[in-house]
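Down below is the structure, laid out as structure tokens.
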Amino acid sequence: MDTVPPDAAALPHFLPLPDTGRVFTGGYPIRRTDVTPGGRLRFDAVARYLQDVAEDDIAQTDLREPYHWLVRRSAITIRGYPQRGQRLWLATFCSATGPRWAERTTTLSASGTELIQARAVWTAITRTTGESCAIGPGFHRVYGPATQGRRVSARLSHPRPDPSAQVRDWPLRASDFDAAGHVGNTVHWQAAEEVIAGLDWLPARAEMEYHHPILPGDRLRLAYRLGPGRADIWLLNDARRLASARLTRDPGEPGTGGAPTGGNDG
């Protein structure tokens with residue numbers, strides 16, 4: 001499979017970096033632990049890089065806001081997949097805000113080419129009660145100018161689990177839980193990688209929505225439904241939807257959306 005989809009011009013445009021406001025950049029080498037056997041950068045590794053550059057950005061500002069951030073949804077657009085051995089450069093900025101949430105846009109480049117852009121909506125959560133709260137003035141002072149007045153909604157849009165979806169257990173491990181006591185973002189994308197491994201195409205668009213935290217004791221199951229050039233994925237606790245993902249293929253890329261005999265390692 002080509003590293004760059006043949007009809008990249010048909011994909012959604014990347015949001016450009018702002019002319020004014022804060023933009024933070026960071027560089028990271030793509031190591032063997034980040035890629036598939038075929039050398040493609042995995043989505044769970046992308047999620048970790050996004051988390052790392054966001055944390056590095058906030059740490060440099062010395063902001064001391066009395067709340068945490070939890071991701072509400074993320075959408076990743078792919079023009080091409082970085083490979084093992086390349087150095088990944090990330091440029092991140094706040095692209096929009098809402099009353100209790102903000103959108104962070106991050107562009108990933110390798111070998112001088114912009115390959116991936118992720119737009120994630122994060123909700124501000126109080127440290128004491130875990131409820132959503134208003135974004136403070138310090139955040140708006142540091143990150144507000146880059147938004148250029150754009151507003152964003154935190155509404156989720158993915159469909160409920162399909163009764164015809166294939167379902168399998170997805171056991172949790174102690175190492176899946178982060179400092180907040182719930183499953184970190186990379187684990188959700190590991191579930192998406194499990195489905196991608198059975199496809200004969202790679203996504204040009206990947207969306208993840210987080211409906212409820214995944215907590216210790218949850219009996220997690222992975223459900224998915226495949227269609228031509230599309231895969232819908234759900235992480236369930238019994239019948240309760242905890243997270244959902246939607247993967248879509250570039251219309252100009254070959255592939256039928258089925259599961260090939262040899263699988264797809266990217």
Side-chain angles (χ1 to χ4, degrees), residues 11-26 43 46-78 89-109 114 116-158 178-180 182-186 188-189 205-214 242-246:
L11 300 179
H13 292 296
F14 282 7
L15 187 67
L17 298 180
D19 296 327
T20 59
R22 179 177 177 82
V23 177
F24 180 83
T25 60
F43 279 96
V46 171
R48 190 181 70 253
Y49 284 126
L50 294 176
Q51 183 81 29
D52 288 347
V53 76
E55 290 186 5
D56 291 347
D57 177 19
I58 293 175
Q60 192 184 78
T61 67
D62 290 327
L63 276 175
R64 295 292 183 266
E65 301 286 5
Y67 45 77
H68 296 293
W69 292 94
L70 289 180
V71 63
R72 177 70 168 162
R73 70 169 188 264
S74 58
I76 301 175
T77 301
I78 305 100
W89 290 98
L90 293 88
T92 187
F93 65 98
C94 182
S95 48
T97 58
R100 300 183 301 278
W101 49 83
E103 179 187 74
R104 178 180 286 274
T105 294
T106 307
T107 304
L108 290 72
S109 303
E114 294 182 347
I116 296 174
Q117 187 170 86
R119 300 178 71 169
V121 175
W122 294 79
T123 300
I125 302 293
T126 62
R127 299 179 188 272
T128 54
T129 67
E131 298 178 350
S132 63
C133 61
I135 299 173
F139 179 89
H140 287 291
R141 173 179 51 82
V142 173
Y143 290 104
T147 69
Q148 301 177 5
R150 286 183 293 260
R151 305 288 285 177
V152 67
S153 169
R155 182 177 301 172
L156 303 181
S157 62
H158 287 174
D178 59 19
H182 54 68
V183 162
N185 303 332
T186 57
H188 300 75
W189 287 105
R205 175 84 169 180
E207 304 171 1
M208 184 74 71
E209 294 186 349
Y210 303 83
H211 302 267
H212 301 283
I214 301 176
L242 302 180
S244 58
R246 175 177 293 168

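Values reported hereafter were calculated over all heavy atoms of this structure, with side chains retained and with hydrogens, waters and symmetry mates removed.
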Notebook entry, point to check: Which atom names give the shortest non-hydrogen contact between A91 and V23, and what distance separates them?
Noted result: CB-CG1, 4.3 Å

Checklist line | All side chain to side chain contact (heavy atoms under 4.5 Å, CB included) counterparts of P145, not counting sequence neighbours | finding: none

Margin query: Between T107 and I116, is there a side-chain heavy-atom distance shorter than 4.5 Å?
Written below: no

Notebook entry, point to check: Partners of T129 by side chain to side chain donor-acceptor pair (under 3.5 Å), sequence neighbours excluded?
Noted result: T126

Check: Around atom CZ of R155, are there more than 12 heavy atoms of other residues, nucleotides or ligands at under 6.0 Å?
Finding: no

Next item on the list: Evaluate the side-chain proximity of M208 to W189: yes if any heavy-atom separation is below 4.5 Å, no if none is.
Entry: yes

Check: Does the side chain of H140 come under 3.5 Å of the side chain of T97 through a donor N or O and an acceptor N or O?
Finding: no

Checklist line | Set of residues satisfying salt bridge (Lys or Arg N to Asp or Glu O under 4.0 Å) with respect to R22, sequence neighbours excluded | finding: D57

Check: Going by distance alone, is a donor N or O of one side chain under 3.5 Å from an acceptor N or O of the other, for R150 and S95?
Finding: no

Notebook entry, point to check: With sequence neighbours left out, what residues match T25 under side chain to side chain donor-acceptor pair (under 3.5 Å)?
Noted result: none

Item checked: Partners meeting salt bridge (Lys or Arg N to Asp or Glu O under 4.0 Å) with E65 (sequence neighbours left out) -> none

Next item on the list: Please identify each residue that fulfils side chain to side chain donor-acceptor pair (under 3.5 Å) with S157, with sequence neighbours left out.
Entry: E209

Notebook entry, point to check: Any side-chain heavy atom of H158 sitting closer than 4.5 Å to one from E207?
Noted result: yes

Notebook entry, point to check: Going from CZ on F24 to CG on D56, what distance comes out if it is rounded to the nearest 0.5 angstrom?
Noted result: 5.0 Å

Next item on the list: Decide whether R100 and S132 meet the rule of one side-chain donor and one side-chain acceptor closer than 3.5 Å.
Entry: yes

Next item on the list: Ignoring hydrogens and angles, tell me if any N or O in the side chain of H182 forms a donor-acceptor pair with the backbone of D178 under 3.5 Å.
Entry: no

Note to self: On a heavy-atom basis, which atom in R104 and which in A54 lie closest, and how many Å separate them?
What the structure shows: NE-CB, 3.6 Å

Checklist line | Residue pairs fulfilling salt bridge (Lys or Arg N to Asp or Glu O under 4.0 Å) with at least one residue in residues 117-131, sequence neighbours excluded | finding: E103-R119

Item checked: Those residues that, when tested against Y49, pass ring pair (Phe, Tyr, Trp, His ring centres under 6.0 Å) (two or more places apart) -> Y28

Notebook entry, point to check: What distance do D52 atom CG and L90 atom CG have between them, rounded to the nearest 0.5 Å?
Noted result: 9.0 Å

Margin query: Regarding T77 and R205, do their side chains bring together a donor and an acceptor under 3.5 Å, going by distance alone?
Written below: yes

Margin query: So does V152 get a backbone contact from the side chain of W101, meaning a donor-acceptor N/O pair under 3.5 Å?
Written below: yes

Check: For the side chain of Q117 and the backbone of L15, is there at least one donor-acceptor N/O pair under 3.5 Å apart?
Finding: yes

Next item on the list: Calculate, to the nearest 0.5 Å, the distance between atoms CG and NE2 belonging to L242 and H211 respectively.
Entry: 9.0 Å

Notebook entry, point to check: Any side-chain heavy-atom pair from Y67 and T128 closer than 4.5 angstrom?
Noted result: no

Notebook entry, point to check: Measuring from E114:CD to L17:CG, what's the distance to the nearest 0.5 Å?
Noted result: 7.0 Å

Next item on the list: Locate the shortest heavy-atom distance separating C94 from A102; write the atom from each residue and the value.
Entry: SG-CB, 4.2 Å

Margin query: Taking ring pair (Phe, Tyr, Trp, His ring centres under 6.0 Å) as the definition, give me every residue that meets it alongside Y143, ordered by chain and number, with sequence neighbours left out.
Written below: F139

Notebook entry, point to check: Partners of S109 by side chain to side chain donor-acceptor pair (under 3.5 Å), sequence neighbours excluded?
Noted result: none

Check: Hey, mind stepping through S244 and Y210 against side-chain contact (heavy atoms from CB on, under 4.5 Å) and telling me if it holds?
Finding: CA-CA 7 Å; S244 58; Y210 303 83; over 6 Å; no

Check: Of all residues at least two apart in sequence or in a different chain, which pass the ring pair (Phe, Tyr, Trp, His ring centres under 6.0 Å) check with W89?
Finding: none

Margin query: What's the separation between atom CD1 in I125 and atom NE2 in H68, rounded to the nearest 0.5 Å?
Written below: 9.5 Å

Next item on the list: Spell out, as yes or no, whether a donor-acceptor pair under 3.5 Å connects the side chain of R72 to the backbone of V121.
Entry: no

Checklist line | Test side chain to side chain contact (heavy atoms under 4.5 Å, CB included) applied to R141 - qualifying residues, sequence neighbours left out | finding: L63

Notebook entry, point to check: Could you give the distance from OG1 (T186) to CG (L50), rounded to the nearest 0.5 Å?
Noted result: 11.5 Å

